[in-house]
S.K.: 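Got a structure for you, written out below as structure tokens; questions coming shortly.
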Amino acid sequence: MKHNGSRNCLNRRSRFGSRERDWLREDVKRGCVYLYGADTTTATTTTTSSSSSSSSDLHLVLCTVETPASEICAGEGRESLYLQLHGDLVRRLEPTEQPLQIVYDYLSRLGFEDPVRIQEEATNPDLSCMIRFYGEKPCQMDHLDRILLSGIYNVRKGKTQLHKWAERLVVLCGTCLIVSSVKDCQTGKMHILPLVGGKIEEVKRRQHSLAFSSAGAQAQTYHVSFETLAEYQRWQRQASKSLVSTFQVNAILACVVKADDSQKASPPALPQVVSQRISTVDLSCYSLEEVPEHLFYSQDITYLNLRHNFMQLERPGGLDTLYKITRGFQTGLELTYVDQADLELTEICLPQPSGCWQFSQLKGLNLSHNKLGLFPVLLCEISTLTELNLSCNGFHDLPSQIGNLLNLQTLCLDGNVLTALPDELGNLQQLTSLGISFNNFSQIPEVLEKLSMLEKVVMAGNHLEVLDLGVLTRMHHVKHVDLRMNHLKTVIIENLEGNKHITHMDLRDNQLTDLDLSSLCSLEQLHCERNQLRELTLSGFSLRTLYANWNRLTAVNVYPVPSLLTSLELSRNLLECVPDWACEAKKLEILDISYNLLTEVPVRILSSLSLRKLMVGHNHVHVLPALVEHIPLEVLDIQHNTLSRLPDTLFSKALKYLNASANSLESLPSACAGEESLSVLQLLYLTNNLLTDQCIPVLVGHPHLRVLHLANNQLQTFPASKLNKLEQLEELNLSGNKLKAIPTTIANCKRLHTLVAHANNISIFPEILQLPQIQFVDLSCNDLTEILIPEALPATLQDLDLTGNTNLVLEHKTLDMFSHITTLKIDQKPLPTTDSTVTSTFWSHGLAEMAGQRNKLCVSALAMDNFAEGVGAVYGMFDGDRNEELPRLLQCTMADVLLEEVQHSTNDTVFMTNTFLVSHRKLGMAGQKLGSSALLCYIRPDTADPTSSFSLTVANVGTCQAVLCRGGKPLPLSKVFSLEHDPEEAQRVKDQKAIITEDNKVNGVTCCTRLLGCTYLYPWVLPKPHISSTPLTIQDELLILGNKALWEHLSYLEAVNAVRHVQDPLAAAKKLCTLAQSYGCQDNVGAMVVYLNIGEEGCTCEINGLTLPGPVGFASTATIKDAPKPTTPSSSSGIASEFSSEMSTSEVSSEVGSTASDEHNTVGLEASLLPRPERRCSLHPVPSTGTFQRQPSCATFSSNQSDNGLDSDDDQPVEGVITNGSRVEVEVDIHCCRGREPENSPTLRKNSSNPYSEEHPRGVGFGIRRQNSVNSGILLPVNKDKMELQKSPSTSCLYGKKLSNGSIVPLEDSLNLIEVATEAPKRKTGYFAAPTQLEPEDQFVVPRDLEEEVKEQMKQHQESRPEPEPRDEGRTEPLEEFDTAL
């Protein structure tokens, strides 16, 4: 290996070994570049994957950041290097460019900051999905797709059999069939047969043959015989597409060049050009560096698209050729083609051109996104151009020659760095549309006043701060003005002269506080959303639509009354009343005034004869006035007000949609004016009200009802006779009520496809499995016990949710019946012996996901209550918007990435950022074109803040958000990365010259500025997350995770208040999704609720109180013989110690074999006396120990007891004592203890003086709870006179279980005993062991009525023990303790 200089390259390394790694570690400026060969990329250009790295033509090049591409080319014997980003375009590197520096800069812009980590990431082969280098320019698959099918087959010309079959090269290209000689396919005559309007027929007399015919009375026909059936079908299928593509005719513009060998040399072979419509050539996104030569054989091109390439100016074949070639083109070549009107082939000899015949008809040219840098001046000589697009090319100025394009009508210069326009631009008197968005203009160019035909000026995303209406007035022909996303703060009005030509103005996303456009008397449409407007003044002469959402408006003045106004949107402002002029608008059809401060709705609005849609939700309306009959109102949204009743005349003949959710409704008005109902209501949302059973009969008056939401009301019954009449019902939501059953008459709702009834008291499964169209059923969080299913389930059933039904038992037959359901959700019953870790007492979660009205669910969630060996938790939410692939990939991989990153760094910002960036890389090919919002919450012990137990770290990209409920108030922890809600991100995207379309999307793709995936939108869309860390306190109640759809319809405060008092986290998450859907959400919605139970009362640290006694507390007089050497105990089984004395070999082997683990050796007492750090609980872990798994341990105390529970020293067995043989097992949490007595335990607060403390001062009694109980993992000091057997709430519903010795006791007693572990009966032959797993059947069971007698027996046994041997006064024994390894 060479080491001579920092610019050295080490080439031809097919593998990355230890020597290469050692070389890299010496300097962070060193690295490697993976170089791919051309043959590899031919098949992987559009399917880039890391598997390509295994190609034989792939090797790595070791170099430094200063190594230029020319040096690598010299070492590799290459002419050039090529760079490909995100599996898309490929460009040639300049000789002076530094490949490794390009990679490092790329990773740095993604978000990596540590130079060592950047060096490490650069060596990862998976990075090739985002950035890779080639030694030769790869062949683009899209170029090959222009020739759809080709092969050598037997061909016969004509319909008759006079012609013989001959072997020919046949190409199906676009809508043409090309037949040529095999020998002279590159230089010979080519026959081109147009297929548009023609036909394809099967040749019956010859197997696997097709007859291709052109259109016309004298059509040409070619018979082609294929060798296999597969080829025959493939050609038939592709050719059929060509025939039906009448509106996408693919004209073959290149023909075969014929030249006799005796006359002249043959020119190079010409590739085929396919156009998507007549006279149109689309060569966009093909990594072209020069204009293809074959374009110049086309005589009728009118539109040429070269967008997204790497066109250059002065190199051979560059853009200058578009004009130069027309002056000096010389040819004597003969072109042949098949004329549809002639039966014979026609040979046309093109004359030598004397002028600009090549592009004499060219009218449209698109050269956007080519990074030209300089304006191609020679393009100004193509005088026929009427449309020119030069966006995103980095132009700083325009040449004066642009004034030569006298016929130009549309000029687009968006995404450059222009600050001014030349005066010569005023010569373009035919120009009607000018786009100069996302440049650096600080004012409107004065030259625009000279353009007499200019109608549309688009200047979005510039640096305008002042809007001078006088300049717009002098532009007499301008009608459309787009000034969105500037920095406008003020508007200047020079005089009172009116502007009569501007009809459309867009001022969105500026900084305006007051806006007076009353001088624009012809204004028809105004967009002024997302400003800071307090007052708005307009002229109403021509006003038709007004959009002023997301402002601070308190007054909107329009004069005169806008008689032409049809749509008015004033939502999310501070309006206290509806403007009077809006009530008088005679043609107003849509009025959105939601999210304001309204207290009433004017009668004139509800009496309007034109209003069809009224949105007044999220206001303070107390009373809704009566509606006038025969009004056309179809949609009424009055949710989130304070209505207690609805007007009696609400249900008019036209009303089809009513949303009155989140009010205080106690009753509903009747819909029947007489015997027959006139209601046409189809969608009714009444969620979150105070409705009772009395409202159900009213619903019968709506026979056309299709969607009914009555969730979160006070319903107790739903009369069967009423439901029977709702035959048109398709969606029914009754969740969050007190229903005990769904009426059997639901079987009459034949059109029902969705039933949501979670969080009720339903005990009987409804008869819905016979409905022919049922698709979605949610009966979670109920009291179901069994399911009666028919013989056959409906094939339409896709989703069945039965989680949260604790008493539900499904037989195997039932599960088999449900196997065809796409999504079946049921509870996984844990085994009674399964020990939950300590984290389950601190947090628990519930998850709900609903697809809404979409066919697929594009939201996934991650939930791990026990993460990093049980000392933390991870929760995540992923929203792919329109794709479901990326959310599922992130769900499966992101936790593993986080687990790996936390091992490398303890800084939350570092490991969270790296987690997102590595997950971004691991998306591979899927992440090139697809993207996903991501939210990740990590709970871990807080080692930095000693006053806190746990810390919560939240990271997110996109629109998923997390909200923490602290003291009953919401605390947002995430950031919304969208153009509308984050001005800083919007400015970053603007500075990088992205094109933000009118619907506020980056390049028209996504509104998010940070996502995982969508790598092709780099550098505008990045994966670097927003990160926040919060120490958790006792005031933190819950954590809510939700996607964009959830937070669009629920505020933070409403979401917190909705679930604060819900006991079950699953029911809480379900409730949030149901509320979002009832409030108008029709998209995918996902919610996760994490309940937190973190406080100092859960602390069991040794430093806070009492230490757990060692073995001396149990056997202070035992003698130790032949103690084995200390060994490292298992973290899952605790430290095992053995007390051995005069015990037979058979006794030891039998007892140890039944209690101790076979995988771990028992260790002596001396091993348990090794020095160890302070004992900490999961609330306050020792920082240096890292993460650990907190497991329960089971200590077994043994004496010579018989199988019937009779001790050998006793004459009679103790009545009621139940054992399983020779052992008494006590479950003990030996990890940590705490001496502070809980305040809620009166038993423990009484006098602590007792006989046990006097006779045995070193002995301590403990009340021990199982870790799956409410107070799991907490050891409490217990007064021995007050010990009682207590029952765990978590197992109160379990049945009794037969023990191994034949006795039967309730299972909750056998699993949740409080056993006395300090003074167990023992003899000289006792031993102490710790098995690896808990055996609940092997326990010492003491019935309550015999507890005192058992205590007396144990006391007598202790008193009969011999006195301990005297010890030397000068000898100090270490404190004997017992603990597991942390």
S.K.: Is the shortest side-chain N to carboxylate O distance from R484 to D482 below 4.0 Å?
M.R.: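 Looking at D482 together with R484, the answer is yes, because their closest N to O distance falls below 4.0 Å.
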S.K.: Report the residues that fulfil side-chain contact (heavy atoms from CB on, under 4.5 Å) with K450, sequence neighbours left out, ordered by chain and then residue number.
M.R.: D423, V447
S.K.: Among residues at least two apart in sequence or on other chains, which ones pass ring-ring contact (aromatic ring centres under 6.0 Å, His included) with F395?
M.R.: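 Expected list: F375.
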S.K.: Would you indicate whether E980, at its atom CD, is surrounded by more than 12 heavy atoms from other residues, nucleotides or ligands within a distance under 6.0 Å?
M.R.: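 Count over threshold, so yes.
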S.K.: Under 3.5 Å, side-chain donor or acceptor atoms of residues 468-476 against the rest of the protein: list the pairs with distances, not counting sequence neighbours.
M.R.:
{"residue": "D468", "atom": "OD1", "partner": "G470", "partner atom": "N", "Å": "2.9"}
{"residue": "T473", "atom": "OG1", "partner": "L469", "partner atom": "O", "Å": "2.8"}
{"residue": "R474", "atom": "NE", "partner": "E449", "partner atom": "OE2", "Å": "3.2"}

S.K.: Report, as yes or no, whether the 6.0 Å neighbourhood of atom NZ on K500 holds more than 12 heavy atoms from other residues, nucleotides or ligands.
M.R.: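 Result for NZ/K500: open.
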S.K.: First locate atom CG of L365, then atom CG of L385, and finally report the distance between them rounded to the nearest 0.5 Å.
M.R.: 6.0 Å
S.K.: Test S80 against R92 for side chain to side chain donor-acceptor pair (under 3.5 Å), laying out the working first.
M.R.: CA-CA 7 Å; S80 300; R92 185 195 308 266; 3.1 Å; yes
S.K.: Output all residues satisfying ring-ring contact (aromatic ring centres under 6.0 Å, His included) with Y547, sequence neighbours left out; order by chain, then residue number.
M.R.: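 With neighbours one apart ignored, the set is H527.
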S.K.: How long is the gap from CD on Q987 to CG on D509, to the nearest 0.5 Å?
M.R.: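 If we round to the nearest 0.5 Å, Q987:CD and D509:CG are 11.5 Å apart.
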S.K.: With sequence neighbours left out, what residues match H480 under ring-ring contact (aromatic ring centres under 6.0 Å, His included)?
M.R.: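 ring-ring contact (aromatic ring centres under 6.0 Å, His included) check on H480 returns H504.
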S.K.: CG/L538 to CG/L515 distance, rounded to the nearest 0.5 angstrom?
M.R.: 6.5 Å
S.K.: Excluding sequence neighbours, so at least two apart, what forms ring-ring contact (aromatic ring centres under 6.0 Å, His included) with W550?
M.R.: H981
S.K.: Could you go step by step and tell me if L425 and L411 meet the side-chain contact (heavy atoms from CB on, under 4.5 Å) rule?
M.R.: CA-CA 11 Å; L425 192 69; L411 176 61; 4.0 Å; yes
S.K.: Got a salt bridge between E985 and R1010, using NZ or NE/NH1/NH2 to carboxylate O under 4.0 Å?
M.R.: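 Judged by the 4.0 Å cut-off on N to carboxylate O distance, E985 and R1010 do form a salt bridge.
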S.K.: Passes side chain to side chain donor-acceptor pair (under 3.5 Å), N549 versus E529? Steps please.
M.R.: CA-CA 5 Å; N549 306 327; E529 301 99 307; 5.0 Å; no
S.K.: Do N404 and E381 come within less than 4.5 Å of each other through their side chains, counting heavy atoms only?
M.R.: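 They are in side-chain contact.
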S.K.: Between G403 and N427, which heavy-atom pair has the shortest distance, and what is it?
M.R.: O-CB, 3.7 Å
S.K.: Using the side-chain contact (heavy atoms from CB on, under 4.5 Å) rule, take N531 and Q511 through it: C-alpha gap first, then chi angles, then the decisive distance, then the call.
M.R.: CA-CA 5 Å; N531 279 274; Q511 303 172 20; 5.6 Å; no
S.K.: Rounded to the nearest 0.5 Å, what separation is found between the CG atom of D881 and the SG atom of C1008?
M.R.: 7.5 Å
S.K.: Verify the neighbour count for atom NZ of K929: are there more than 12 heavy atoms of other residues, nucleotides or ligands below 6.0 Å?
M.R.: yes
S.K.: Go through N440 and T419 one step at a time and tell me if the side chain to side chain donor-acceptor pair (under 3.5 Å) criterion holds.
M.R.: CA-CA 5 Å; N440 296 337; T419 57; over 6 Å; no
S.K.: At what distance, to the nearest 0.5 angstrom, does CG of N309 lie from CG of N366?
M.R.: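 Here the rounded value is 10.0 Å.
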